[in-house]
Amino acid sequence: MTTNATRTDRWSTLDFGPPPSGLEEPDSPVLVDDLDEGRVALITLNRPHADNAITTEMGARLTEIVETIATRTAVRAVILTGAGERAFSVGSDLRQRKNMTKEDWLRQRQDFDRTLYTVRQLRKPIFAAVNGTAYGGGCELAQSTDFIIAAENATFGQPEAMLGLAAGGGSPALLPRLLPPGRALQMLMTGDPITAQEAHRLGMVNELHPQDELLEAARRIATKIASNSPTAVQAVKRAVQLGEGQPIEQAIAIMMDMHWRSAVHPDRVEGIGAFNEGREPTFKDADY
């Protein structure tokens, strides 16, 4: 039995299509730049011609960069963004996946799982500056960071169910923590995206900025974080991560463990001394 192809508006709400073929790929699918004298790392997904769709090569390069940053004690904050004006990332490159065997697909899935895990487990603060469309794995990548700021033209969506997939990059677990659970389920079940304004209203996005001001806003936030004690910042991040979902007294016990680590650290003496003397503190790189 054959079926006749029919025209459809099914994909019109997504505002993107398969990446074009035949275009020259950049030298590197992911870029990393040092800002604020090396205390801030800016990671840029760098396939703007394909709406920063994630290939196997891009995922591997992103994993490598984040793992390297994890060992660089001088880096105190990380910004993750996309190249170009259209997209943060539209998720997995469906043109690359078109002719994959089942084994190829599962291997790539394992590689992508490692990438997202590496981002989620980074001890240093990392946040997403979503400069445009964030769909599928791109949206899940943003959700895997500590928080999100976005351009006013950004959109967020999980269209996997429209393609015959259950979302598998974290959103069924992460999205209901960022949005009201019912709204998260509606996104996951319908595939319909939400605007940056709605994401901000519901608490998924911390701040909205005009697109041409987004990166500067991200740099201000990262520089502010980097000016604080990296030991204290990493400790409080760990307290939030480990305490989430725990009974309240268990979460407080985790918090106190992290607090006491900072209380006996030299940064505590330096920070209080700087406050009393009205000067800028000089905090050392994190040592744990």
Side-chain angles (χ1 to χ4, degrees), residues 26 28-48 51-52 54 58-59 61-90 115-134 137-156 170 174 178 196 199-200 204-230 232-234 236-237 240-241 283 285-286:
S28 176
V30 185
L31 304 176
V32 60
D33 296 290
D34 291 331
L35 309 176
D36 191 22
E37 299 179 338
R39 299 196 303 176
V40 174
L42 172 65
I43 301 174
T44 304
L45 307 177
N46 187 41
R47 299 186 72 229
D51 290 335
N52 297 316
I54 304 170
M58 176 187 276
R61 180 59 179 148
L62 180 57
T63 302
E64 179 184 20
I65 287 172
V66 175
E67 288 179 342
T68 299
I69 286 172
T71 66
R72 292 174 55 194
T73 56
V75 177
R76 300 185 179 188
V78 183
I79 303 166
L80 178 62
T81 194
E85 298 181 353
R86 272 185 50 85
F88 174 75
S89 172
V90 295
T115 302
L116 294 167
Y117 178 82
T118 302
V119 171
R120 291 195 306 269
Q121 293 299 310
L122 185 65
R123 283 183 174 269
K124 304 171 189 293
I126 179 171
F127 67 96
V130 176
N131 54 302
T133 303
C139 188
E140 290 171 317
L141 180 57
Q143 293 169 51
S144 297
T145 66
D146 297 329
F147 59 87
I148 301 169
I149 68 171
E152 294 170 339
N153 64 306
T155 53
F156 299 84
L174 298 171
L178 299 173
H200 181 251
M204 180 180 180
V205 169
N206 285 7
E207 298 180 10
L208 292 180
H209 297 277
Q211 188 181 55
D212 61 354
E213 299 175 14
L214 178 66
L215 193 55
E216 184 56 37
R219 292 183 67 167
R220 286 197 301 269
I221 294 169
T223 298
K224 175 64 176 178
I225 293 171
S227 74
N228 294 332
S229 162
V233 167
Q234 292 181 32
V236 77
K237 173 175 176 173
V240 171
Q241 286 181 323
F283 294 120
D285 295 338

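Between Ile69 and Lys124, the closest side-chain pair of non-hydrogen atoms falls below 4.5 Å. In this structure, Ile148 and Phe156 have side chains that are in contact, with non-hydrogen atoms separated by less than 4.5 Å. Residues Pro48 and Asn52 meet the side-chain proximity criterion, which asks for heavy atoms closer than 4.5 Å. A heavy-atom distance below 4.5 Å is not found between the side chains of Leu178 and Phe147. At least one side-chain heavy atom of Val119 sits less than 4.5 Å from a side-chain heavy atom of Ile126. Side-chain atoms of Val78 and Ile43, non-hydrogen and from C-beta on, do get closer than 4.5 Å to each other. Contact of the Leu45 side chain with the Leu31 side chain is not registered, since no non-hydrogen atoms from C-beta on lie closer than 4.5 Å.
Scanning for side chain to side chain contact (heavy atoms under 4.5 Å, CB included) contacts around Val236 gives an empty result, with sequence neighbours left out. Listed by chain and residue number, Leu62, Thr63 satisfy the side chain to side chain contact (heavy atoms under 4.5 Å, CB included) test with Thr115 (two or more places apart in sequence, or in another chain). The salt bridge (Lys or Arg N to Asp or Glu O under 4.0 Å) test applied to Glu85 returns no partner, not counting sequence neighbours. Partners of Glu64 according to the salt bridge (Lys or Arg N to Asp or Glu O under 4.0 Å) rule, which considers only residues two or more places apart in sequence or in another chain, are Arg61.
Note: Leu122 CG to Tyr117 OH = 12.0 Å, rounded to the nearest 0.5 Å. With values rounded to the nearest 0.5 angstrom, Leu208 atom CG is found 5.0 Å from His200 atom NE2. To the nearest 0.5 Å, atoms CG (Leu141) and CZ (Arg120) are separated by 10.5 Å. Atoms CE and SG, from Met204 and Cys139 in turn, are 4.0 Å apart once rounded to the nearest 0.5 Å. Between Gln211 atom CD and Glu152 atom CD the span is 10.0 Å, to the nearest 0.5 Å. Atoms CD1 and CG, from Ile65 and Leu80 in turn, are 10.0 Å apart once rounded to the nearest 0.5 Å.
Pro230 and Phe283 get closest at one heavy-atom pair: CD-CB, 3.9 Å. Counting all heavy atoms, side chain and backbone alike, Gly138 lies closest to Phe88 at O-CE2, 3.3 Å. Contact record, Ala286 with Gln234: CB-NE2, 3.5 Å, taken as the closest heavy-atom pair. Considering every non-hydrogen atom in both Ala77 and Ile225, the closest pair reads CB-CG2, 4.1 Å. Nearest heavy atoms, Thr223 versus Val40: N-CG2, 4.2 Å. Between Ala87 and Val90 the shortest heavy-atom distance is CB-CG1, 4.3 Å.
Listed by first and then second residue, the salt bridge (charged side-chain N to carboxylate O under 4.0 Å, His left out) pairs involving residues 212-223 amount to none (not counting sequence neighbours). Residues in residues 69-84 take part in these salt bridge (charged side-chain N to carboxylate O under 4.0 Å, His left out) pairs, two or more places apart or across chains: Asp34-Arg72, Arg76-Asp285.
A donor-acceptor pair under 3.5 Å is formed between the side chain of Glu140 and the backbone N or O of Gly170. In this structure, Asn131 contributes its side chain and Ala154 its backbone to no donor-acceptor pair below 3.5 Å. With Thr44 contributing its side chain and Asn46 its backbone, the two residues share no donor-acceptor pair below 3.5 Å.
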Please report the C-alpha distance between Lys237 and Arg123 in whole Å, then the side-chain angles of each, then the deciding distance to 0.1 Å, and finally whether the side chain to side chain contact (heavy atoms under 4.5 Å, CB included) criterion is met.
CA-CA 7 Å; Lys237 173 175 176 173; Arg123 283 183 174 269; over 6 Å; no

